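From a predicted model like this one, the values you see are computed outputs, not experimental measurements. Reminder, nothing fancy here: chain letters follow the sequence lines and each chain counts from 1.
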Number of protein chains: 2
Amino acid sequence: MFKVESQEVDRRIELFKQAAKAAGIKLTHQRIEIFREVASSVDHPSAEAVHKALSPRMPTLSHDTVYRTLWLLTDLGMVSTLGPKRESIRFDANPEPHHHYVCLRCGLARDFKSSELNELRIPEAVSEFGSINATQVEVHGICKDCLQKQQDN
Amino acid sequence: MFKVESQEVDRRIELFKQAAKAAGIKLTHQRIEIFREVASSVDHPSAEAVHKALSPRMPTLSHDTVYRTLWLLTDLGMVSTLGPKRESIRFDANPEPHHHYVCLRCGLARDFKSSELNELRIPEAVSEFGSINATQVEVHGICKDCLQKQQDN
DNA sequence: TACGTGGATAGGAATGTATCCTATTTAGGA
DNA sequence: TCCTAAATAGGATACATTCCTATCCACGTA
């Protein structure tokens, strides 16, 4: 499996340390190693994969810590998730070409159409990964309901 | 919650019936109702949500049937999933703007860059859903490993 | 229309993922 | 170095998904 260059990883860890300090959270060994693992991997690991990768070096590392730390990193903006967050698998029976708006907080997903976005030019290099079946745009944001709840606090 | 117009739903069910016949699979009451539920919903329901919606009408409907049917519909191409399929949540620590290639079969996810795709124009209407945080392109396909395995069969 | 059969379902058991709980440990300021 | 609030470990729990198998039924055939 490919790795991100260590120089780049160090740079990202530096950014994380700054963000942690700014947010007033503690810089534990666990947090640094968990972030290092995600930052140095190109294949978007699951929490389980992160735990497995670190276990040899950190045999007492708990699953809970991995999960808590990954969500913390997400809140700090150092890490993001692929697809709708936290939720279970979501299904879509819209046969027309369309695109998705996804709420980062509650997972709400809505379709929208755009003939312009249906005609995107995908870089040649992508076909190195495999066949191309479909292409769609994902817009990430916070939905109106969640924005409302945020204000109520 | 909004619904897809019933005329459009009927059209999709017709397409499903044709596809089922072509594929030689049985048209059970359960399959039709499960497909109807996904096809008439605009909010991309989870398997659990589909089960809950149908329970009053079909009190003996099992979770297993809902799951099996949704994957069947996915294989038939009548339904798709949001984000990486089947897998657990995946994390991404790449701070640069980037896009994703996702394998529909195994969930492999890889980044790619394109300054052109970083500058997409999103339709006005999308801001009706909520705030816009980030936009990225998702390319769906079958990765080289999975294509290879497919040939071996 | 009735029959037979292979595919499909129900329901509970098993697995796997993610979170909660709480006693113990530790980072980082005083 | 000491103190304290924050963080962790590890087991318990909750929930999502799949597996297992006896039973049921869609649909081709007569």
What's the closest nucleotide to the [X] side chain, out of [options]?
| X | options | value |
| --- | --- | --- |
| B/Tyr67 | C/dG28, C/dA8, D/dT17 | D/dT17 |
| A/Thr28 | D/dT8, C/dA8, D/dA6 | D/dT8 |
| B/Leu27 | C/dT26, C/dT19, D/dC27 | D/dC27 |
| B/Thr69 | D/dT8, C/dT9, D/dT18 | C/dT9 |
| A/Asp64 | D/dA26, C/dT19, C/dA10 | C/dT19 |
| B/Thr60 | C/dA10, C/dT19, D/dA7 | C/dA10 |
| A/Ser62 | D/dA7, D/dA9, C/dT9 | D/dA9 |

Closest-nucleotide ordering on DNA chain D, the 5'-leading residue of A/Met58 and B/Gln30: A/Met58
Return the value, rounded to whole Å, for the distance between atom [atom1] of [X] and atom [atom2] of [N].
| X | N | atom1 | atom2 | result |
| --- | --- | --- | --- | --- |
| A/Leu72 | D/dA7 | CG | P | 8 Å |
| B/His29 | C/dT9 | NE2 | C1' | 12 Å |
| B/Arg31 | C/dA10 | CZ | C1' | 14 Å |
| B/Arg68 | D/dA16 | CZ | P | 19 Å |
| A/His51 | D/dG11 | NE2 | C1' | 13 Å |

Donor-acceptor side-chain pairing of A/His98 and A/Asp92 below 3.5 angstrom: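 A/Asp92 and A/His98 do have a side-chain donor-acceptor pair below 3.5 Å.
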A/Asp64 versus A/Ser62, side-chain donor and acceptor atoms under 3.5 Å: no
Parallel, tilted or perpendicular: ring planes of B/Tyr101 versus A/Phe129, cut at 30 and 60 degrees: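 Ring orientation, 0 to 90° scale: tilted.
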Plane angle bin for A/Phe35 and A/Phe16 - parallel if under 30°, tilted between 30 and 60°, otherwise perpendicular: tilted
Salt bridge (charged side-chain N to carboxylate O under 4.0 Å, His left out) between B/Glu33 and B/Arg36, worked out: CA-CA 5 Å; B/Glu33 291 309 306; B/Arg36 185 196 307 282; 3.4 Å; yes
Bending between helix ends of the helix from C/dT1-D/dA30 to C/dA30-D/dT1 [5 pairs per end, 10° resolution]: 40°
Identified side chain to side chain donor-acceptor pair (under 3.5 Å) partner of A/His100 from the options A/Glu138, A/Gln136, A/His140: A/Gln136
